[in-house]
Number of protein chains: 2
Amino acid sequence: MVSIKDVAKKAQVSTATVSHVINETRFVADETKQKVYLAMKDLNYQPNRIARSLRSRKSNTIGLLVPLVAEDTSNFFFMSIANGIEKVLKENGYNLILSNSNEDEVTEKNQIRVFNTQLIDGLVIAPVNGEDSAYNKELTGDYPVVYIDRHPSGVEGDIVLVDNLRGSYEGVRALLNKGYERIGFITGTLGITTSDERLKGYKQALKEKAIPVRKEFIKEGPATFEQGYQLAKELHEAEVTALFVANNVMTMGAVSYLNEHQVKIPEEIGIIGYDDYDWMKITSPPLSVVRQPAFEIGKVAVEQLLKRINGSKEKFAEVMLDAELVQRGSF
Amino acid sequence: MVSIKDVAKKAQVSTATVSHVINETRFVADETKQKVYLAMKDLNYQPNRIARSLRSRKSNTIGLLVPLVAEDTSNFFFMSIANGIEKVLKENGYNLILSNSNEDEVTEKNQIRVFNTQLIDGLVIAPVNGEDSAYNKELTGDYPVVYIDRHPSGVEGDIVLVDNLRGSYEGVRALLNKGYERIGFITGTLGITTSDERLKGYKQALKEKAIPVRKEFIKEGPATFEQGYQLAKELHEAEVTALFVANNVMTMGAVSYLNEHQVKIPEEIGIIGYDDYDWMKITSPPLSVVRQPAFEIGKVAVEQLLKRINGSKEKFAEVMLDAELVQRGSF
DNA sequence: ATGAAAGCGCTAACAG
DNA sequence: CTGTTAGCGCTTTCAT
């Protein structure tokens with residue numbers, strides 16, 4: 001391994017000068033610079049980022065902790081976020097350490113501990129769906145943190161969210177405007193902020209039109225394909241005329257049920273799903289959905305994080321991004 | 001920041017002893033150990049991995065370089081791979097640095113250079129689809145490398161692939177066995193190994209049944225939704241009775257065309273796509289596909305990589321994983 | 001305009 | 001069974 005010393009020797013300058021040439025951190029005469037560049041090239045010198053990090057206490061690396069579940073379509077959402085993050089990071093010369101909490105609180109805690117020993121300059125975390133995940137305890141404050149997608153109760157910090165309430169509100173309102181009144185609502189387990197807010201949006205839209213919220217039209221269960229299927233069945237049997245499904249996995253389950261039982265969309269039942277993927281275009285009819293700006297979440301989150309890393313002391317920001325209703329032909 | 005020195009002082013031992021307690025790297029008397037543990041706890045000591053890496057020349061971190069394209073469904077494939085990698089890595093106390101080449105040779109080269117300064121213990125790379133990406137030049141050999149998914153020509157190294165030839169061969173054969181004979185083939189740009197091999201499989205299956213390969217039934221283009229749509233149109237007009245689509249993005253485009261023009265599947269045209277996602281279940285009829293074991297690729301690749309990191313000197317291995325035909329109702 | 005040298009926190013060779 | 005100490009490769013203060 002060729003080190004800064006070798007370069008210094010070859011260029012007949014001090015290591016300090018080499019370092020300053022590399023980092024452009026103080027004036028170096030042009031002639032000297034050229035000697036250094038030449039030496040670096042000749043020796044094929046690569047600065048050692050580890051040594052740099054140790055000395056400067058800066059790693060130019062940020063961590064991302066997301067809750068992926070094996071083989072789950074919702075991963076796509078977080079991966080788009082990761083994509084947005086990676087892009088901004090690259091533009092700024094940062095690296096990304098990706099880590100997975102498996103939607104499990106214990107794993108999440110462990111991963112945070114790993115990050116604590118890791119010298120990351122900052123962390124973006126999509127918190128696990130849990131009650132009292134004690135972020136304040138584990139996150140030791142050595143690095144700034146930006147939360148995304150979910151708002152764990154009692155946590156203070158920068159946070160980037162999607163306006164879930166508004167998303168489902170707009171969706172349900174669109175159904176209402178088309179004349180649907182018996183609207184079923186399928187959601188993943190309640191008690192987590194995203195689900196709760198989407199339910200609120202549903203209720204609010206109904207209330208505005210003075211349509212009573214009927215408990216039997218609201219179906220909750222674990223966010224799985226099978227549950228989506230099952231709950232769509234129940235709601236269909238309860239003779240709803242439209243369906244709003246508050247997450248992508250259950251959307252697929254619901255559509256699967258409707259297809260299998262040849263319930264005509266939108267003639268017999270209208271439907272709006274959640275999250276927009278290419279394949280929504282190829283169901284028949286193409287599915288209308290509430291689209292979340294995943295890539296944008298990542299982008300905004302990491303921009304905020306970089307601000308903090310660069311010393312911003314502004315008070316915590318909560319950014320709320322808009323969800324968007326994508327109209328296709330399913331209602 | 002509390003360092004090993006502080007712990008040593010508090011526990012009244014040397015830093016060497018503390019280090020050895022932490023790493024269990026030489027015998028330490030029980031009593032001494034307890035003192036050290038206590039001190040660590042009291043001070044809330046976290047070993048500094050950067051310092052450790054600098055000294056031991058080992059980072060316990062591996063890099064992953066994948067070619068993601070913004071908003072592209074094929075990302076899902078690589079993300080499943082990343083998932084598999086992350087899982088094995090976590091079990092072994094390793095971290096993952098994720099990096100994206102954007103399917104672009106220049107970016108890829110840059111990212112490799114970043115990795116070269118980074119002290120990673122190993123690299124998993126899904127090479128960009130390119131002609132002469134000079135891996136041998138950039139990859140300086142400081143760390144082991146495992147290639148996945150694609151086999152860049154002229155590259156020697158450990159590599160984990162899916163049997164593309166066999167995948168499409170089995171698919172096309174299944175179509176032939178059902179009696180289809182005018183089978184169209186839609187592929188992304190040829191000249192990259194995955195596409196070429198899948199085409200070979202198609203031809204081989206036809207040959208075996210003594211059905212002439214008709215050039216006008218083979219359609220090639222950039223792997224986009226729109227191209228899939230367009231090429232499906234052309235083949236439909238050429239009156240093929242079945243369609244084999246050799247990647248997931250074009251599969252969606254093709255299905256989209258068929259849906260829009262109300263071409264009945266499988267009555268008017270049979271179809272097999274590539275890659276298996278949940279949403280294949282909710283097209284009507286559910287789509288039959290060739291399934292690639294993405295998670296498995298990641299797992300196998302990183303297992304091989306860890307072997308190398310631990311000093312294996314066996315000759316380069318080429319692992320070929322099986323693709324699997326998933327029968328649903330589309331032919 | 002440049003150099004000398006200390007030291008980041010840790011590991012490991014050597015010594016006892 | 002444990003301690004001393006050199007140094008990994010770099011940045012940065014102090015000096016000139």
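First the proteins, then the strands, lettered A, B, ... as listed; each starts at 1.
- Contacts of His151(A) classified as side-chain hydrogen bond (donor to acceptor under 3.5 Å, both in side chains), with partners at least two apart in sequence or in another chain: none.
- As a whole-Å value, the separation of Asn60(A) CG from dC10(D) C1' is 14 Å.
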Using distance only, find each side-chain donor-acceptor pair of residues 141-149 of chain A under 3.5 Å and give its atom names and separation, not counting sequence neighbours.
residue, atom, partner, partner atom, Å
Tyr143(A), OH, Asn116(A), OD1, 2.7

Identify all side-chain donor-acceptor contacts of residues 30-39 of chain B below 3.5 Å with residues at least two apart in sequence or on another chain.
none

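- At a threshold of 4.0 angstrom between heavy atoms, the contacts of Glu31(B) with the nucleic acid are absent.
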Could you list the donor-acceptor pairs under 3.5 angstrom formed by side chains in residues 303-310 of chain A, with sequence neighbours left out?
residue, atom, partner, partner atom, Å
Gln304(A), NE2, Asp158(A), OD1, 3.0
Gln304(A), NE2, Asp158(A), OD2, 3.3
Arg308(A), NE, Asp158(A), OD2, 2.5
Arg308(A), NH1, Ser312(A), O, 3.1
Arg308(A), NH1, Glu314(A), O, 2.6
Arg308(A), NH2, Asp158(A), OD1, 3.0
Arg308(A), NH2, Asp158(A), OD2, 3.3
Arg308(A), NH2, Glu314(A), O, 2.9
Arg308(A), NH2, Lys315(A), O, 3.3
Asn310(A), ND2, Leu306(A), O, 3.1

Find every protein N or O atom lying less than 3.5 Å from an N or O atom of nucleotides 5-7 of chain D, and list the pairs.
residue, atom, partner, partner atom, Å
dG7(D), N2, Arg55(B), NH1, 3.0

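- The span of DNA chain C lying next to chain B, judged by atoms under 4.0 Å from heavy atoms, is bounded 5' to 3' by dG9(C) to dC14(C).
- Between the Glu138(A) side chain and the Ile112(A) main chain, no donor and acceptor come within less than 3.5 Å of each other.
- Among pairs with a residue in residues 38-67 of chain A, those fulfilling side chain to side chain donor-acceptor pair (under 3.5 Å) read Arg49(A)-Asn95(A), Arg49(A)-Gln118(B), Lys58(A)-Tyr94(A), Lys58(A)-Asp121(A), Ser59(A)-Asp121(A), at least two apart in sequence or across chains.
- The bend of the helix from dA1(C)-dT16(D) to dG16(C)-dC1(D), defined by the angle between the axes of its first five and last five pairs, stands at 40° to the nearest 10°.
- Within a heavy-atom distance below 4.0 Å of DNA chain D, the residues of residues 17-27 of chain A found are Ser19(A), His20(A), Asn23(A), Arg26(A).
- Glu318(B) pairs by the salt bridge (Lys or Arg N to Asp or Glu O under 4.0 Å) definition with nothing, not counting sequence neighbours.
- Applying the side-chain hydrogen bond (donor to acceptor under 3.5 Å, both in side chains) criterion to Glu91(A), with sequence neighbours excluded, gives Lys87(A).
- Applying the side chain to side chain contact (heavy atoms under 4.5 Å, CB included) rule to Thr107(B) yields the partners Lys90(A), Asn102(B), Asp104(B), Gln111(B); only residues at least two apart in sequence or on another chain are considered.
- In this structure, Thr32(B) and Arg49(A) both approach DNA chain D, and ranking their closest nucleotides by distance from the 5' end singles out Thr32(B).
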